[in-house]
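What you see is a predicted model, and the numbers here were worked out from it, not measured in a lab. Note that ligands are numbered from 1 as they come in the structure, with each ligand's atoms numbered from 1 the same way.
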Amino acid sequence: MYLHSMQRKPTLKAFKYRIYPTDAQAVFFAKTFGCCRFVWNKMLDKKLQAYKKKERIPQDTPAKYKEEFPFLKEVDSFALCNVQLQLEKAFKDHFRNRKQFKLPKFKKKRDKQSYTTNNVHNSIRVDFEKRLLYLPKLREGVKIELHRRFEGKIKSVTVSRTNEGKYYASILVETQNPRNKVSEPKSKVCGIDLGLEYFAIVTNDFGSYKVEHPKYLRLGEERLKRLQKSFSKKQKGSKNSEKARLRLGRQHAYISNARNDFLHKLSKAIIDENQVVVVEDINVKGLLKTRLAKSISDSGWAKFLSYLKYKAEWYGRTFIQVNRFFPSSKLCHRCGHKNDDLGLNDRMWCCPKCGETHDRDVNASINLYLVGLGRSEVTPVEQALVDDRSPHGLPKKPSCDEAGSSTAKD
Ligand SMILES: [Zn+2]
């Protein structure tokens, strides 16, 4: 742990805050958003034309357009430079992987608006006392809701405006120590099986527990479906259609915030609790092609794994993704027998060799846990660590039967 923190490299971390611009500041933001969109669309158009003619794709700079369109000089020039960089990155991504990255699209006024500017010679500052954010080209600070502090050098800020007219600033900070509070892990190892019925099944030194999909997300998604239906029924361009579109946008934003919040809290809790975290290397993209697609993309597995991974890095934990061919579901965790007859729909199964009854997902998470235990960096579980606490209704003894499954052991 100590060594780990000594070797820490600076990390970039984004802090997002709600901001409340004055009318004049909102006008400046609108101008900047507009100029960014304008430059994006101009550059994109040029690039796409060359692309269609199979010519070399031109690398424009915003300076080129400033002659012809002098209003571009009024806004933050870093914002325009960043448009160029973002667009070039989008094309690069596309050429690298055409399936995953589609060609960039033209920006519309009614999309979410944003611009990114860089900190040069302290042009971006946060006054924590006065609760103000200073941005280039704005003489007065913008009122900011600083619900949490950060320390470190500000690299850039992305100002955005949602469809509903809320403003946010996402501040990218280079920080040496992004950890809030790090406690010694209570459990050495934890194995996580990601499921559809449950979001995850977790096994650590204290036993197994299931993490349900939060109910508010399910309800939120049902409401989303209803809103989508109602929006599609409205006559395009009508006042009611516009209202329905806004409602739909709000619901989308609500669900995406709520899901992120859930994934952040769960990953943080797991990283806090365990020294080594073992997960399956799920080929999410492969799975997405099947009809499971909807529920998988909804459950946010890929995001969850990426959160676990970077949090593990921050907090000095070990994150292990096992090979996706590792048969975590088919192995009996008790005797090691591999049950090749196990079908996708078998939720419970009985090991033909040792007779143990398994809950499919709990057994898988125990197998992942055992993988972690077998790793050389893991010292054997210290019994002294076992205490009486029982987070998330965690059973005290590691046992498959206590993990909430209804089968009785004979
Ligand atoms: Zn067995």
Inset, instruction - Describe, in one word, how the ring planes of H213 and F199 are oriented to each other, choosing from parallel (under 30°), tilted (30 to 60°) and perpendicular (over 60°). - result: perpendicular
Inset, instruction - Identify whether the distance between the nearest side-chain nitrogen and carboxylate oxygen of K338 and D340 falls below 4.0 Å. - result: yes
Inset, instruction - Rounded to the nearest 10 degrees, what's the angle SG of C354 makes with SG of C335 at the Zn ion (ligand 1)? Could you check? - result: 110°
Legend entry - the Zn ion (ligand 1) to nearest N/O/S of H337 below 2.8 Å: no
Inset, instruction - Please confirm if an N, O or S atom belonging to C332, backbone or side chain, lies less than 2.8 Å from the Zn ion (ligand 1). - result: yes
Inset, instruction - Anything under 30° is parallel, anything over 60° is perpendicular, the rest tilted; go ahead and classify F29 against Y167. - result: tilted
Legend entry - Parallel, tilted or perpendicular: rings of Y310 and Y307 (30°, 60°): perpendicular
